[in-house]
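Remember, it's a predicted structure, so these values are computed and weren't measured experimentally.
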Amino acid sequence: MSSNSPPAIPNRLETLRVLRLMGDYEPILMLTGSDDGYGTRWTLSGQQVQPAIARYLMETGYVSETGKTEFGARKLALSADGKRFRDNGVRWWDSLSLFEKLRVTLFG
(Lines give C-alpha, C1' and ligand atoms only; values in the text may rest on other atoms or scores of the structure.)
Protein backbone atom coordinates (compact mmCIF):
# COMPACT_ATOMS: atom_id res chain seq x y z
CA MET A 1 0.00 0.00 0.00
CA SER A 2 1.46 3.34 -0.98
CA SER A 3 1.48 6.22 1.45
CA ASN A 4 -0.97 8.13 -0.80
CA SER A 5 -3.68 5.46 -0.83
CA PRO A 6 -6.57 5.94 1.58
CA PRO A 7 -6.89 3.59 4.54
CA ALA A 8 -9.22 0.64 4.23
CA ILE A 9 -12.78 1.30 5.36
CA PRO A 10 -13.36 -0.55 8.64
CA ASN A 11 -16.48 -2.74 8.60
CA ARG A 12 -18.02 -1.16 5.51
CA LEU A 13 -21.63 -1.94 6.40
CA GLU A 14 -21.37 -0.60 9.95
CA THR A 15 -19.56 2.51 8.68
CA LEU A 16 -22.38 3.10 6.19
CA ARG A 17 -24.95 2.64 8.96
CA VAL A 18 -23.19 5.26 11.07
CA LEU A 19 -23.10 7.68 8.12
CA ARG A 20 -26.79 7.12 7.40
CA LEU A 21 -27.73 7.64 11.06
CA MET A 22 -25.76 10.86 11.15
CA GLY A 23 -27.67 12.24 8.21
CA ASP A 24 -27.12 15.95 7.79
CA TYR A 25 -27.92 16.91 11.38
CA GLU A 26 -27.05 14.23 13.96
CA PRO A 27 -23.46 14.58 15.27
CA ILE A 28 -21.24 11.94 16.77
CA LEU A 29 -20.36 12.90 20.33
CA MET A 30 -16.74 12.32 21.32
CA LEU A 31 -16.40 11.80 25.05
CA THR A 32 -12.71 12.19 25.73
CA GLY A 33 -10.85 10.03 28.18
CA SER A 34 -7.31 10.66 29.37
CA ASP A 35 -4.76 12.76 27.48
CA ASP A 36 -3.36 9.70 25.67
CA GLY A 37 -6.80 8.90 24.22
CA TYR A 38 -7.40 5.91 26.47
CA GLY A 39 -11.02 5.73 27.50
CA THR A 40 -12.30 7.94 24.68
CA ARG A 41 -15.80 6.97 23.54
CA TRP A 42 -17.88 8.01 20.56
CA THR A 43 -21.66 7.90 20.60
CA LEU A 44 -24.40 8.50 18.06
CA SER A 45 -27.99 8.80 19.29
CA GLY A 46 -26.92 7.22 22.56
CA GLN A 47 -25.32 4.17 20.93
CA GLN A 48 -21.58 3.60 20.94
CA VAL A 49 -19.73 3.97 17.64
CA GLN A 50 -16.87 1.53 17.14
CA PRO A 51 -13.55 3.31 17.79
CA ALA A 52 -12.08 2.11 14.47
CA ILE A 53 -14.98 3.67 12.56
CA ALA A 54 -14.87 6.94 14.50
CA ARG A 55 -11.10 7.27 14.06
CA TYR A 56 -11.37 6.44 10.35
CA LEU A 57 -14.00 9.16 9.84
CA MET A 58 -11.88 11.67 11.75
CA GLU A 59 -8.56 10.80 10.07
CA THR A 60 -10.04 10.98 6.56
CA GLY A 61 -11.76 14.29 7.23
CA TYR A 62 -15.27 12.92 6.75
CA VAL A 63 -16.31 14.42 10.09
CA SER A 64 -15.21 17.68 11.62
CA GLU A 65 -15.67 19.25 15.02
CA THR A 66 -18.55 21.70 15.20
CA GLY A 67 -18.31 22.63 18.87
CA LYS A 68 -18.84 21.18 22.30
CA THR A 69 -21.87 20.26 24.33
CA GLU A 70 -22.56 21.91 27.66
CA PHE A 71 -20.94 18.83 29.27
CA GLY A 72 -17.73 19.16 27.24
CA ALA A 73 -18.27 16.39 24.67
CA ARG A 74 -16.96 17.28 21.22
CA LYS A 75 -19.60 17.32 18.47
CA LEU A 76 -18.44 15.78 15.18
CA ALA A 77 -20.63 16.42 12.12
CA LEU A 78 -20.29 15.27 8.54
CA SER A 79 -18.05 17.48 6.43
CA ALA A 80 -18.82 18.18 2.76
CA ASP A 81 -16.47 15.29 1.87
CA GLY A 82 -18.27 13.13 4.42
CA LYS A 83 -21.64 13.85 2.82
CA ARG A 84 -20.25 12.88 -0.60
CA PHE A 85 -18.71 9.75 0.93
CA ARG A 86 -22.07 8.83 2.51
CA ASP A 87 -23.96 9.43 -0.75
CA ASN A 88 -21.45 7.31 -2.68
CA GLY A 89 -21.77 4.59 -0.03
CA VAL A 90 -25.56 4.56 -0.32
CA ARG A 91 -25.32 4.30 -4.11
CA TRP A 92 -22.75 1.48 -3.74
CA TRP A 93 -25.02 -0.42 -1.33
CA ASP A 94 -28.06 0.02 -3.58
CA SER A 95 -26.08 -1.33 -6.55
CA LEU A 96 -25.25 -4.64 -4.81
CA SER A 97 -27.18 -7.82 -5.42
CA LEU A 98 -28.78 -9.67 -2.53
CA PHE A 99 -25.88 -12.14 -2.48
CA GLU A 100 -23.29 -9.34 -2.45
CA LYS A 101 -25.12 -7.58 0.40
CA LEU A 102 -25.16 -10.83 2.37
CA ARG A 103 -21.44 -11.32 1.76
CA VAL A 104 -20.61 -7.77 2.89
CA THR A 105 -22.85 -8.19 5.95
CA LEU A 106 -21.18 -11.43 6.99
CA PHE A 107 -17.56 -10.80 6.00
CA GLY A 108 -17.18 -7.04 5.98
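- Atom NZ of Lys68 sits in a sparse spot, with 12 or fewer heavy atoms from other residues, nucleotides or ligands closer than 6.0 Å.
- Electrostatic pairing of Asp87 and Arg20 does not count as a salt bridge here, judged by no charged N lying under 4.0 Å from a carboxylate O.
- The closest side-chain heavy-atom distance from Met30 to Met58 is below 4.5 Å.
- Annotation for Arg86 and Gly23: closest pair NH1-O, 2.9 Å, computed over non-hydrogen atoms.
- The aromatic rings of Tyr56 and Phe85 sit tilted, their planes meeting at an angle between 30° and 60°.
- The CD atom of Glu100 lies 9.0 Å from the CH2 atom of Trp92; values are rounded to the nearest 0.5 Å.
- Here Asp81 pairs with Arg84 in a salt bridge; the nearest charged N to carboxylate O distance falls below 4.0 Å.
- Judged by distance alone, with hydrogens and angles left aside, the side-chain atoms of Thr69 form a donor-acceptor pair with the main-chain N or O of Ala73 at under 3.5 Å.
- Heavy atoms only, all atoms of each residue included: Ser45 and Glu26 are closest at OG-OE2, 3.5 Å.
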Stepwise side-chain contact (heavy atoms from CB on, under 4.5 Å) check, Leu13 with Trp93: CA-CA 9 Å; Leu13 179 58; Trp93 182 256; 3.7 Å; yes
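- Rounding to the nearest 0.5 Å places CG of Leu29 at 8.0 Å from CG of Leu44.
- Here the side chain of Ser79 pairs a donor or acceptor atom with the backbone of Gly61 at under 3.5 angstrom.
- Side-chain contact between Leu57 and Leu19 is present, with at least one heavy-atom pair separated by less than 4.5 Å.
- Between the CG atom of Leu76 and the CD atom of Glu65 there is a distance of 6.5 Å, given to the nearest 0.5 Å.
- Of all non-hydrogen atoms in Thr32 and Thr40, the two that sit nearest each other are CA-OG1, 3.9 Å.
- When all heavy atoms are compared, the tightest approach of Thr105 to Lys101 is OG1-O, 2.7 Å.
- None of Leu21, Thr43, Ile53, Val18 except one satisfies the side chain to side chain contact (heavy atoms under 4.5 Å, CB included) rule with Ile28; the exception is Val18.
- The closest donor-acceptor contact from the side chain of Glu14 to the backbone of Asn11 lies at 3.5 Å or more, if one exists at all.
- Here Arg17 contributes atom CZ and Arg12 contributes atom CZ; the two are 13.0 Å apart, rounded to the nearest 0.5 Å.
- Using a 4.5 Å heavy-atom threshold, the side chains of Tyr62 and Thr15 count as separate.
- No donor-acceptor pair under 3.5 Å is formed between the side chain of Arg74 and the backbone N or O of Leu31.
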